[in-house]
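Down below is the structure, laid out as structure tokens.
Numbers here are sequence positions counted from 1. All ligand and atom numbering here is 1-based and tracks the order in the structure.
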Amino acid sequence: MSRFFEPFENINESDGIINFSRDNANHLTVLRHSKGDIITVCDGAGIDYECEIQLISKNDAVVSILRRKKCESEPDFKITLFQALPKSDKMELIIQKSIELGVHKIIPVVTHNTVVRIKNNVNTKIQRYMKISETAAKQCNRGIIPNISSPVEFDTAIHMLAKKEASFVAYENAKLDSGINLMNIEADEIGIFIGPEGGFTAEEVEKCVLSKIKPVSLGKRILRTETAGIAALSTIVYSKEYRYALKKGDM
Ligand code: SAM
């Protein structure tokens with residue numbers, strides 16, 4: 001079922017209708033939808049509306065709300081990925097895969113060894129990243145469009161990570177069994193920090209430890225920066241979602 005994100009101000013629950021934005025109306029026609037079709041509209045805050053198309057033209061559309069429900073594919077916890085800026089277009093892959101895996105927010109970080117610097121075209125870059133986020137969110141039935149923030153410096157990232165209920169820094173020299181910490185996270189506000197191609201410096205890891213950000217191993221092999229975030233998110237999300245399901249007796 002086609003999925004569209006519409007801002008809350010376009011959703012008129014009391015009248016039971018949603019007035020589509022111009023872009024989405026246009027996208028509806030591109031997808032060859034017609035009156036009577038059933039589609040899903042998300043408010044971007046985790047609510048899905050099952051809707052029927054009432055009126056459709058190239059530049060506007062009106063749909064009626066059939067039912068409203070909490071988006072089932074949103075995790076019950078929030079993981080923020082702090083990703084050291086990678087080279088070339090790896091960030092686009094990282095964004096797409098992290099969103100499929102349930103990430104809540106992605107914060108690009110400039111560390112000692114990051115080669116890339118997004119200087120003058122930050123806004124253009126972030127707009128592109130948000131487009132990738134929206135496309136990935138639609139494809140995997142997310143209830144939100146995860147936010148990709150502007151890059152922050154290492155010390156700012158540490159400060160933000162330290163405020164999370166549970167924060168981890170992926171470090172290839174951490175003890176192998178430290179990885180188990182990613183499988184037993186009780187907290188629901190989680191931060192995971194991934195280094196760049198050149199890795200974190202010893203001082204950076206030391207600063208993480210002093211800020212109570214736990215170094216964790218992702219296994220015996222050296223993962224590429226674009227693989228490490230995916231590995232960490234997969235471990236956290238799957239173990240938490242299964243434990244949630246077991247607790248609720250869904251399994
Ligand atoms: N120091 C690495 C090397 O010797 O090639 C370079 C860093 S690695 C390519 C990029 C990032 O992925 C690291 O900074 C770390 O955050 C994460 N990473 C890669 N392999 C890992 C592992 N086995 N355990 C934990 N983190 C890992």
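Heavy-atom minimum distance, Pro151 versus Ile126: CD-CD1, 4.3 Å.
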Which atom pairs, nitrogen or oxygen on both sides, join ligand 1 and the protein at under 3.5 angstrom?
from     : atom 1 : to     : atom 2 : distance (Å)
ligand 1 : 1 (N)  : Glu172 : OE2    : 2.5
ligand 1 : 16 (O) : Ala170 : O      : 2.7
ligand 1 : 16 (O) : Gly195 : N      : 2.9
ligand 1 : 20 (N) : Leu223 : N      : 2.9
ligand 1 : 23 (N) : Gly219 : O      : 3.0
ligand 1 : 23 (N) : Arg221 : O      : 2.6
ligand 1 : 24 (N) : Leu218 : N      : 2.7
ligand 1 : 26 (N) : Tyr171 : N      : 3.3

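At most 12 heavy atoms of other shown residues, nucleotides or ligands fall within 6.0 angstrom of atom CZ in Arg128. Within a 6.0 Å radius of NZ in Lys125, other residues, nucleotides and ligands contribute 12 heavy atoms or fewer.
Side chain to side chain, Asn147 and Ser149 fail the donor-acceptor criterion of an N or O pair below 3.5 Å.
For residues 164-223, the pairs satisfying ring-ring contact (aromatic ring centres under 6.0 Å, His included) are Phe154-Phe193, Phe193-Phe200, with sequence neighbours left out.
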Please determine whether side chain to side chain donor-acceptor pair (under 3.5 Å) holds for the pair Thr80 and Lys164, giving the CA-CA distance in whole Å, both sets of side-chain angles, and the decisive distance to 0.1 Å.
CA-CA 9 Å; Thr80 302; Lys164 298 278 176 202; 3.2 Å; yes
